[in-house]
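For reference, the structure is listed below as structure tokens.
The analysis underlying the following values was restricted to heavy atoms, covering all of them including side chains, and did not include hydrogens, waters or symmetry mates. Lettering follows sequence order; numbering is per chain, from 1.
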Amino acid sequence: MNDTASHAHGRIAAGRRWLADYLGLGLALALLVLVFSLSTRHFFSLTTFQTIANQIPSAILIATGMTYVLLIAGIDLSVGSVLGLCTAVVGVGLAQGHWPAPLAILAGLAAGLAAGAFNGLVSIRWNLPPFIVTLGMLEIARGGAHFLTRSQTQYVGSALAPIVETHLLGLSLPFLLALAVVLGSQWILTRTVFGRYLVAIGTNEEAVRLSGIDPRPIKIAVYLYSGLLVALAAVIDTARFESANPNAGSGFELQAIAAVVIGGTSLMGGRGSVVSSFFGVLIIAVLNTGLAAVGARDETKRLVTGLVIVAAVIVDQYRHRWSQTKP
Amino acid sequence: MPGMTRPADTPLLLRTAGLTKDYATRVLDSVDLEILEGEVHALVGENGAGKSTLARILAGLIRPDAGHIELAGEPYAPSGKRQAEAQGVRMVMQELNVIGRLTVAESIFFGHLPHRWGAIDYPGLHRAARPLMDQVGLSDVAPDRPLETLGVGRQQMVEIAAALSRQCRLLILDEPTAALTAPEIERLFDQIRRLGQQGVSFLYISHRMEEIQRISDRISVLRDGRLLTTRGAAGFGLDEVVRLMVGRPLEETRLAASRPPNGPALRVDGLAAPPALRHASFELRFGEILGLAGLMGAGRTEMLRAIFGADRRAAGRICLRGSSAPARIDHPRDAVRQGIALLTEDRKAQGLLLPLSVLANVTLNHLRPFCRAGGRIQAAAERRAVEQWLDQLGVRCRSPLQPVAELSGGNQQKVLMARWLHRNCDILLLDEPTRGIDVGARFEIHRLLRQGADQGRAILMASSDLRELLGVCDRIGVMSAGRWVATFDRNTCSQDDLLHAALSGYTRTHP
Amino acid sequence: MTIRISGLGGASLPRLAGGAILAAVWILASGCQPAGPSERAEPKPRVALIMKSLANEFFLTMENGARAHQRAHADQYDLLANGIKDELDVSKQIDLVEQMIAQKVDAIVIAPADSKALVAVAKKAQDAGIAVVNIDNQFDAQVLADKQARIPFVGPDNRKGARRVGEHLAKHLRSGDAVAILEGAPNAFNGIQRRLGFEDAMKAAGMNIISSQSGYWETDKANQVVAALAGEHPELKAVLCANDSMALGAVAALRAAGKAGQVRVVGYDNISAVQNLLREGRILATADQHADQLAVFGIEYALEMLRTRGTPADRETPVDLVTAPGPSPQP
């Protein structure tokens, strides 16, 4: 084996993969921005992008957790309901309990972690498919949200305002937090032992077990992380809307999965990237904002969004093949 | 070279001319092959020589880039598996394409089940399956028995019956005996001979030279995509076939220990994990290779998994390194921490992370040496270590970043061995370490094992190939019907002794 | 032997858990069951209230109002209140009506999840001699005519209510100003009525409706739409929301866009969470349909029908315009 050649080859392959991963998504995003800029008056402006940046932090956080979950060949259908539950905890704490904001936030985060712990522990202890366990959690958490709020939207006023009103370089604190989570999670995924284990478990869990690594704590950690990120998203949404609606987050699980899949993460596990999921969220957000700015009819919106999801996955198939071909 | 040993009176069934196929490199290079009616035509060559590609072209699974094929004088260019089967060419795959829950009769007729308005006609199906099953020696099996309840050998017979359910002129068998025990192989050979007399031709692909010599009429040797020669099997010596395949003569296959074994590594007392494993007691010492023989289903895999903590044990003690206190092994994690490694029988499903790089596969369970603060992996150090192992074990790959799926079977097995050596394991449990691996690589792995033992490691190696065990191991244990029944010294035992011991559990009744 | 026990324990734990869940469900279900057989002997009429989504604050308020009313008039009737999980689960609601028919209740007060799909089963109830009153979401007139059914509707005129909210908003705008409408779920009858009411008012005042999109009744979706509109249409002066949850999302979007105070927001329903926003003027107006009384109106009407044995005409219930924090609609 020629050493320098193999090094060069490795670099080329890595570069190719990087290109395939991010260039395609970037181009798709640019294309969408271009289409909407041409078809509306004000779309292409700083305000629009600031607006989008303000709206997507919670979607980014949820998609990041979902990426980890899909990477280990799991699934978390409960994210939307858990967001509702955490929102309810924060909202009831502030509006009914008159708790100080930090306490309410901590309680919300604890609720998210508890939901994640339930998902992880139950599916591992009784060896149940995560699809079933998180489907159960979907109902449990939504029920909990309605139980806590007695189905009434809780008005929290400006108690959490500092979270959304703090800005740095024109970007809101939640957006910066979400960005940090994305970069941190991607770093963990590609550079650390934990990340290596995630990919390995998603690829072949039995092989990992038989190599002497216990996959169970790692899987539990992933569901905990997903729960924590959902809770963070819930705190941000509560702050943005100044209110806690027990129905908040319904349907988020499918949106998150769509964003992650658009980013090219495999539902079969073992392949995925947090940064790509971030792009997936951006694409969906630009699509939503653009279609709303155009004033598209509701059926058009759904049609276009659905087509984009399917098209993205088809393109990803080719993209993946291209990056795998031997140069 | 072609046709020179063709008996003048036997009609030609199939002829290829200039058959060529390119992937990244040339895999088949203008191959001219002739198969006669009713003959068993063996195709030998190292892995990657092009045997499977040739077989897959004939079976209609892939198309050649150049060249053409004639079947019984007519041009033959199947567009797919179905068309090839319609013209009487059928392949029994290396990895059984057995569909789990089907019954025997259903799998024989799968794809063309007799039906009436969409509902399967079961009485008709079972009537039609009966003669086919009798033909391949499955007369004692009920047609509605679930396929998964049969042993691997009999599942193979079902596959052959499936091939016969359509008028078959050429049956391609790719490593048919890889999963079979000796009596099952005998039964398979009987069927092949009988069908041959009825005019069915066989293209028989295998690594097992002695079997090829026994069963085949003619032998074709492929090397690097070229057909080197086709000759009558009689008078075509084993050594010469192997020399042609690898391009160099093989050394003596018996590897002797360079020094006597050291202290005890592993003592197993009364290990049981019913129903497959009933009772096993033995001792393994550092510096020796202990072989493990037995028929399919004798409990060898189950015993190795039980020692390793992969499956639950019902009873028994495992003591390590001469200690008299039993070791606690409840999970593979515990075993590995105490220096035990298990190379699984099915390396693709239970060992490798196929789409991931060679590098990630080697270091999977021992990233600690490259670990910096926060769990960060130091990429350069990891790569250096992996390159050292690849070099030391002679793994052939383009780069440590190449997906391990692209490597040949032998190199994949070496990658797994590198994983365990990197993890500093010195008690190695190996389950069929050379299954599906070509002759050259097989020998290299044997040498690595011997080297490992000489360096003081303890090796327990299960294999279905008695010659391999006799050639490599210092002692050989035999399991039969879930029990460890005998242990032999290799210098004082023969294949017959091992076979007798392996059968003993099925003739005697245990309390 | 020990092995057996541990194996058994491992296998039966999930079964135990399953059993515990079943038991819990049974206890909860039996706790919710209607009056026992001894009470059934009394001649009190039994009224079934069949609601839409109990996950929705609006319907929950309705149901609570009905329960309070029943407690105050326990001598007059028994109440069986049932709801479905979400507003789209039409088939579940049909099942509920059929169960009530089988239970031989005296009257059914129903807020249909679908204005067409529920007509047939409501007619079936009527044919079985049950007094049926339609509340909240009015049955489709065409389908009623096809089935030759006459089912009285008791409820607010959403279109009229929305028009009053719109007319109040118009006083704060100038003719020709750009306004946007946030609709409810596109297939909901009351959503459509409210949109029509908003449109009536805006057209009458000469406003320019630049966009009318669905926010699916949800805060989050409304937020996205309004944020996009605020960017695309800097001339926007007001957003009319078909419910208050969407108004919350609109307020948040305008604040984030730095347009708080420049763009007026109106809502509908007068939920508790908007009281402070009304007081601060961040929501200009909303409409109160007296949600807690809606079901009660229906029940009283059904009792009246049982007494008179006639099929009276529709009855309209009051809608009030709320411009400053009024009395809390729900304790």
With a 4.5 angstrom heavy-atom cut-off, which part of A/R209 approaches chain B: side chain, backbone, both or neither? both
First locate atom CD of A/E206, then atom CD of B/Q350, and finally report the distance between them rounded to the nearest 0.5 Å. 5.5 Å
Determine whether A/L210 and B/R305 make a side-chain contact, defined as any pair of heavy atoms from C-beta on separated by less than 4.5 Å. yes
Is any residue of residues 422-430 of chain B within less than 4.5 Å of chain A by heavy atoms, and which ones? none
For a 4.5 angstrom cut-off between non-hydrogen side-chain atoms, does B/L364 reach A/I213? yes
If you count heavy-atom pairs under 4.5 Å with chain B, which of A/V199, A/V193, A/V208 comes out on top? A/V193
Tell me, side chain or backbone of B/L416 under 4.5 Å from chain A's heavy atoms, or both, or neither? neither
Restricting to non-hydrogen atoms, name the atom on B/I377 and the atom on A/R196 that form the minimum distance, rounded to 0.1 Å. CD1-NH2, 3.8 Å
For B/A310, which atoms come within 4.5 Å of any heavy atom of chain A: side chain, backbone, both, or neither? both
With a sphere of 6.0 Å drawn around CZ of B/R372, does it hold more than 12 non-hydrogen atoms of other residues, nucleotides or ligands? yes
Tell me, for B/A349 versus chain A, whether the close heavy atoms (under 4.5 Å) come from the side chain, the backbone, both or neither. backbone
Which heavy atom in A/D214 sits nearest to a heavy atom in B/R333, and how many Å separate them? OD2-NH1, 2.8 Å
Work out which heavy atom in A/T203 is nearest to a heavy atom in B/P355; give both atom names and the distance. CG2-CD, 3.3 Å
Interface check, chain A: of B/C371, B/G351, B/A379, most non-hydrogen pairs under 4.5 Å belong to B/G351
Would you mind checking which part of B/E382 comes under 4.5 Å of any heavy atom in chain A, side chain (CB onward), backbone (N, CA, C, O), both or neither? side chain
Specify which of B/T344, B/L352, B/L342 makes the most heavy-atom pairs with chain A at under 4.5 Å. B/L352
Are any of the side-chain heavy atoms of A/S211 and B/R419 separated by less than 4.5 Å? yes
Of the backbone (N, CA, C, O) and the side chain (C-beta and beyond), which part of B/T363 lies under 4.5 Å from a heavy atom of chain A, both, or neither? side chain
